[in-house]
Amino acid sequence: QQQVKQSPQSLIVQKGGISIINCAYENTAFDYFPWYQQFPGKGPALLIAIRPDVSEKKEGRFTISFNKSAKQFSLHIMDSQPGDSATYFCAASRRTSYDKVIFGPGTSLSVIP
Amino acid sequence: SQTIHQWPATLVQPVGSPLSLECTVEGTSNPNLYWYRQAAGRGLQLLFYSVGIGQISSEVPQNLSASRPQDRQFILSSKKLLLSDSGFYLCAGGRVGEQYFGPGTRLTVT
């Protein structure tokens with residue numbers, strides 16, 4: 001019930017294309033769904049996050065789509081750029097003080113020119 | 001926003017030697033604090049987390065330990081390092097579901 005599944009494991013997209021990463025969770029108590037971006041040799045950085053009371057959140061070229069009934073959420077990167085090449089982690093948590101953040105296994109994205 | 005400080009950035013230690021990695025948090029009080037380990041090309045393995053001074057929860061059995069002597073200080077230790085302890089160690093801090101990560105420490109045990 002605590003697991004977050006993420007696919008694909010790796011993704012290659014042409015510059016200008018759309019990158020799509022999908023995640024699924026089981027615990028309906030989760031109420032906060034962040035995405036993290038990690039460049040090689042660096043710590044993950046919070047990219048964008050969504051709460052289950054909205055179905056979509058957009059920040060620049062990054063959009064989270066959320067389907068509460070299916071317990072799925074996805075990250076869309078529009079007009080993908082080589083600088084977007086990184087590992088992306090989805091995550092889920094409960095917005096209380098004492099709970100851990102559960103991370104997906106990660107997706108390695110390569111954007112080729 | 002919060003800033004997580006970690007040091008050193010890289011560390012090479014022989015098998016059997018002790019370890020002490022320190023993490024400090026700036027910009028918030030009473031954060032939840034976390035230690036993760038990441039193998040090359042792999043995901044984030046939660047090692048320890050703390051919700052307050054002196055309160056440590058261990059996620060995996062290993063020869064590592066953690067301590068939180070002050071509200072914004074989190075220390076990862078080992079008395080005797082193993083080859084399998086090599087990896088990228090990340091400290092994170094946050095509240096109410098959000099986590100902010102430090103720059104990480106690359107540990108190589110030889």
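Values below: all heavy atoms of this structure, side chains included; hydrogens, waters and symmetry mates excluded. Everything numeric here is computed off the predicted structure, so don't read it as measured data. Chain A is the first sequence line, chain B the second, and so forth, proteins listed ahead of strands; every chain is numbered from 1.
The neighbour count for A/Ile12 CD1, taken as heavy atoms of other residues, nucleotides or ligands under 6.0 Å away, does not exceed 12. Counting heavy atoms of neighbouring residues, nucleotides and ligands inside a 6.0 Å radius, atom CZ of A/Arg51 does not exceed 12 of them. Atom CD of A/Glu59 sits in a crowded spot, with more than 12 heavy atoms from other residues, nucleotides or ligands closer than 6.0 Å.
Taking all atoms of both residues into account, the shortest heavy-atom contact from A/Gly43 to B/Leu90 is CA-CD2, 3.6 Å. Considering all non-hydrogen atoms of both residues, A/Phe103 and B/Leu44 come closest at CD2-CD1, 3.7 Å.
Formation of a donor-acceptor pair under 3.5 Å by the A/Tyr36 side chain with backbone atoms of B/Gln99 is found in this model.
By the criterion of side-chain heavy atoms lying less than 4.5 angstrom apart, applied directly or through intervening Ile, Leu, Val, Met, Phe, Trp or Tyr residues, A/Phe66 is grouped together with A/Ile48 in one hydrophobic cluster. The cluster map of Ile, Leu, Val, Met, Phe, Trp and Tyr, joined by side-chain heavy atoms under 4.5 Å apart, puts B/Trp7 and B/Val25 in different clusters. Following chains of ILVMFWY side-chain contacts shorter than 4.5 Å, one can reach B/Leu47 starting from B/Phe88, so the two form part of one hydrophobic cluster.
Only the side chain of B/Gln38 comes within less than 4.5 Å of a heavy atom in chain A; its backbone stays farther off. For B/Ile4, no part lies under 4.5 angstrom from a heavy atom of chain A. When heavy atoms are compared at a cutoff of 4.5 Å, A/Pro105 approaches chain B solely by way of its backbone atoms N, CA, C and O. Residue contact with chain B, scored on non-hydrogen atoms closer than 4.5 Å, involves the side chain of A/Gln38 exclusively.
No hydrogens or angles considered: a donor-acceptor pair under 3.5 Å links the side chains of B/Glu98 and A/Tyr32.
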